[in-house]
Amino acid sequence: MDFDLTPDQKLFRATTKKFLDTEVPLSTVREWASEGFRRDWWTRGAELGWTALLVPEDQGGGSVSDAGLLDLLIVAEEMGRMVSPGPLGPVNTVIAALVEAGGHAETLEALVSGETVATWAVHEPVSGFNPSAPGVTAVETADGWTLNGVKNPVETADQADLFLVTADAGQFLVPAADVRVEPVKSLDLVRRFGTVHLDDVHVPASALVSASVERQCLIASLLQSAETAGAVDRVFEFTVAWAFDRYSFGRPLASYQALKHRFADMKTWLEAIHGIVSAAGRAVQDRAPNAAELVAAAGSYVGTKSVEIIQDCVQIHGGIGVTWEHDLHLYLRRATVNRALYGTPEEHRRTLARLVIGQQGVIAKGKAA
C-alpha cells in the first residue's frame, strides 16, 4: 500500500502473505464455502498478531510499527488478495471498542488469543448500516439491562461467541448463547451472515461498553476498503498476465491499443484506490480532524471503482471469465458485498458532503465573528 513501509512492516507483510498462500489458497477458499472459516486457522492467524495490533502492550497486545491500525491494514489488504475467510474486521472492530472503553480485560485477552470470536451487531433490518439510530432497545433493570430487537445482517453471526450490540442506550456485550441466530444467504462464498434476535436478553451492568461508535465506524469501513483494494490489486495483476499469455490473430491481447488504454485507465484507478486508503488510514491512526472525510472518500471511491475494474477484467477474460471454475467471480462477490456493507458509495458521498458543508459553516461563522 505504501512505498515507505518499515523493514518490520515489510517482514510482517511477507509473513502474512506466505501464511495465507500456504494455508488458504483459493482452492481452500472454495472448499470452505459451506463452513465459513475454521477456528484453528483463525487461532493461528491470531498468533501472527492479527488481533493484537490495536491493543496496547500493557494490555497484552503490540503493533509492528507503533502504528497498529496501519499494520492491520496490511493484513486486510493481503486477505483481500486471497479472498480469505475469517473475522478480521468484526473482531478488530470489537477489540477497538473494548480498548477505548477500558476494562473487559478477560474478554480482550480471549479475543487477542483467538480463543473467542466476536462480531459487531450494528446493522438494522430496514435501514441497514445506521449506527446513529439503533433499533434494539435497552431497558435498565436493578441488576443490569434487558435487550430486545433484531440485528441484520451480522457478519460471522453463526460462528461468533460474542456480539457487541448497538442499542438505544449504548453498546453491550452479549454472549451467543443468549441470542437466536438465523443464517442469511450471502453473495460472498466464505463470508457468512445471519439475523440476530434478542428476545428479553438480560445482561449485567458490566456488559455496557462505553466506546465511540463513530471511531468503530471509521475502523470497520477502513478495513473493508483496504481488503477491497487488495482484491482489486490481485485481479488486475492476473488479468494483465492473462492478456500477455492469451493470443488473438497471432498477437497477445495486451498488444492491442484499445486494451492498452483500458489497462491504463484501470491502473490509474487502482493507484488512486491505494492512495485514498493509505491517506484515510494515516488520518484514522493519528485521529486527524479530517479522518471521517477521508474514510468517506475512500468508501465512495473504492466501492465504485473496485467493481468497475473487476467487471472490466471479466470482459477482458472473455467467456472463461464468467465460468464457475475461474476465480474472478470470487473477487467480484467480495467487492460487491464490501461495496454495500458499511455504507454504499452514494451514502459515503452524502456523508462526505455533510461533513464538508458543516466545516464550511464553521469557517463562515469564524469569519463573521
Side-chain angles (χ1 to χ4, degrees), residues 1-24 37 41-100 108-109 111-114 117-118 120 211-212 215-234 273-288 291 294-295 298-299 302 338 342:
M1 184 180 300
D2 287 320
F3 292 109
D4 57 349
L5 293 178
T6 67
D8 287 340
Q9 285 178 316
K10 291 178 181 178
L11 177 61
F12 182 57
R13 178 189 285 279
T15 302
T16 300
K17 176 178 174 56
K18 182 178 180 180
F19 176 78
L20 293 173
D21 287 345
T22 303
E23 299 297 329
V24 281
F37 68 93
W41 173 83
W42 176 247
T43 301
R44 293 171 65 191
E47 291 172 354
L48 291 178
W50 297 354
T51 54
L53 298 170
L54 301 183
V55 183
E57 290 186 9
D58 59 1
Q59 296 183 50
S63 61
V64 176
S65 65
D66 294 326
L69 182 58
L70 301 183
D71 300 335
L72 185 57
L73 294 184
I74 292 174
V75 181
E77 185 176 343
E78 289 301 324
M79 292 188 76
R81 286 180 58 86
M82 297 302 295
V83 207
S84 300
L88 183 76
V91 167
N92 278 286
T93 301
V94 175
I95 286 175
L98 297 181
V99 169
E100 182 173 347
L108 191 59
E109 181 180 353
L111 290 172
V112 170
S113 69
V117 171
W120 190 22
S212 168
R215 182 159 179 82
Q216 290 168 233
C217 292
L218 297 182
I219 291 173
S221 180
L222 183 58
L223 288 173
Q224 175 184 273
S225 293
E227 182 190 60
T228 304
V232 179
D233 201 43
R234 179 67 181 122
I273 284 174
H274 285 303
I276 188 61
V277 171
S278 177
R282 293 188 180 281
V284 176
Q285 172 66 48
D286 298 338
R287 298 179 182 265
L294 288 171
V295 170
V302 174
N338 282 357
Y342 289 106

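Remember, predicted model here, so these are calculated numbers, not experimental data.
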- Task: Could you tell me whether the side chain of Leu222 reaches within less than 4.5 Å of the side chain of Ile219, counting heavy atoms only?
- Result: no
- Task: Check whether any side-chain heavy atom of Phe12 lies under 4.5 Å from a side-chain heavy atom of Thr16, and answer yes or no.
- Result: yes
- Please report the shortest heavy-atom distance between Ala226 and Leu73, naming the atom on each side. CB-CD2, 3.8 Å
- Message: Taking side chain to side chain contact (heavy atoms under 4.5 Å, CB included) as the definition, give me every residue that meets it alongside Ala291, ordered by chain and number, with sequence neighbours left out.
- Response: Leu218, Ala283, Val284
- Item | Within residues 49-88 or reaching into it, pairs that qualify as ring pair (Phe, Tyr, Trp, His ring centres under 6.0 Å) - sequence neighbours excluded | Phe19-Trp50, Trp41-Trp50
- Task: Decide yes or no for Leu69 and Leu53: does some side-chain heavy atom of the first lie under 4.5 Å from some side-chain heavy atom of the second?
- Result: no
- Who passes side-chain hydrogen bond (donor to acceptor under 3.5 Å, both in side chains) against Glu100, sequence neighbours left out? none
- Of all residues at least two apart in sequence or in a different chain, which pass the side-chain hydrogen bond (donor to acceptor under 3.5 Å, both in side chains) check with Ser212? Glu214
- Message: Checking Asp21 now: which residues fulfil salt bridge (Lys or Arg N to Asp or Glu O under 4.0 Å) with it, not counting sequence neighbours?
- Response: Lys17
- Item | Shortest non-hydrogen separation from Ser113 to Thr51 and the atoms involved | N-OG1, 4.4 Å
- Message: Does any part of the side chain of Trp120, heavy atoms only, come nearer than 4.5 Å to the side chain of Cys217, both counted from C-beta?
- Response: yes
- Message: Is any side-chain heavy atom of Trp42 closer than 4.5 Å to one of Leu88?
- Response: yes
- Query: Quick one: does Leu111's side chain get under 4.5 Å of Leu98's, heavy atoms only?
  - Reply: yes
- Note on the structure: What one should report as the nearest heavy-atom pair of Ala96 and Leu54 is CB-CD1, 4.1 Å
- Task: Kindly say whether His274 contributes a backbone atom to a donor-acceptor pair with the side chain of Ser278 at under 3.5 angstrom?
- Result: no
- Note on the structure: Scanning both residues in full, the closest heavy-atom pair of Ala280 with Ala298 reads CB-CB, 4.3 Å
- Query: In this structure, which one of Thr93, Ile95, Val94 forms a side-chain contact (heavy atoms from CB on, under 4.5 Å) with Val91?
  - Reply: Ile95
- Query: So, the side chain of Thr22 versus the backbone of Lys18: is there a donor-acceptor pair under 3.5 Å, distance only?
  - Reply: yes
- Message: Measuring from atom CG of Asn92 to atom CG of Leu72, what distance do you get when rounded to the nearest 0.5 angstrom?
- Response: 4.5 Å
Please tabulate, for side-chain N and O atoms in residues 57-65, each donor-acceptor pair with protein atoms closer than 3.5 Å (sequence neighbours left out).
from: Ser63; atom 1: OG; to: Asp66; atom 2: N; distance (Å): 3.0
from: Ser65; atom 1: OG; to: Gln9; atom 2: NE2; distance (Å): 3.2
from: Ser65; atom 1: OG; to: Ala67; atom 2: N; distance (Å): 3.4
from: Ser65; atom 1: OG; to: Asp71; atom 2: OD1; distance (Å): 2.8
from: Ser65; atom 1: OG; to: Asp71; atom 2: OD2; distance (Å): 3.3

- Please collect all salt bridge (charged side-chain N to carboxylate O under 4.0 Å, His left out) contacts where either partner lies in residues 223-234, sequence neighbours excluded, each pair once. Arg81-Asp233, Arg191-Glu227, Glu227-Arg334, Arg234-Glu237
- Item | Ser84: side chain to side chain contact (heavy atoms under 4.5 Å, CB included) partners, not counting sequence neighbours | Leu20, Val24, Met79, Met82
- Message: Holding to side chain to side chain contact (heavy atoms under 4.5 Å, CB included), I want the full list of residues that pass it with Ala52, two or more places apart in sequence or in another chain.
- Response: Val112
- salt bridge (Lys or Arg N to Asp or Glu O under 4.0 Å) with Glu47: which residues, sequence neighbours excluded? none
- Query: With sequence neighbours left out, which residue pairs that include part of residues 62-99 fulfil the ring pair (Phe, Tyr, Trp, His ring centres under 6.0 Å) condition?
  - Reply: none
- Query: Considering all heavy atoms of both residues, which atom of Pro85 and which atom of Phe37 are nearest to each other, and what is their separation?
  - Reply: CB-CB, 3.9 Å
- Who are the side-chain hydrogen bond (donor to acceptor under 3.5 Å, both in side chains) partners of Thr228, not counting sequence neighbours? Asn338
- Item | Minimum-distance pair of heavy atoms, taken over all atoms of Thr43 and Gly114 | OG1-O, 3.6 Å
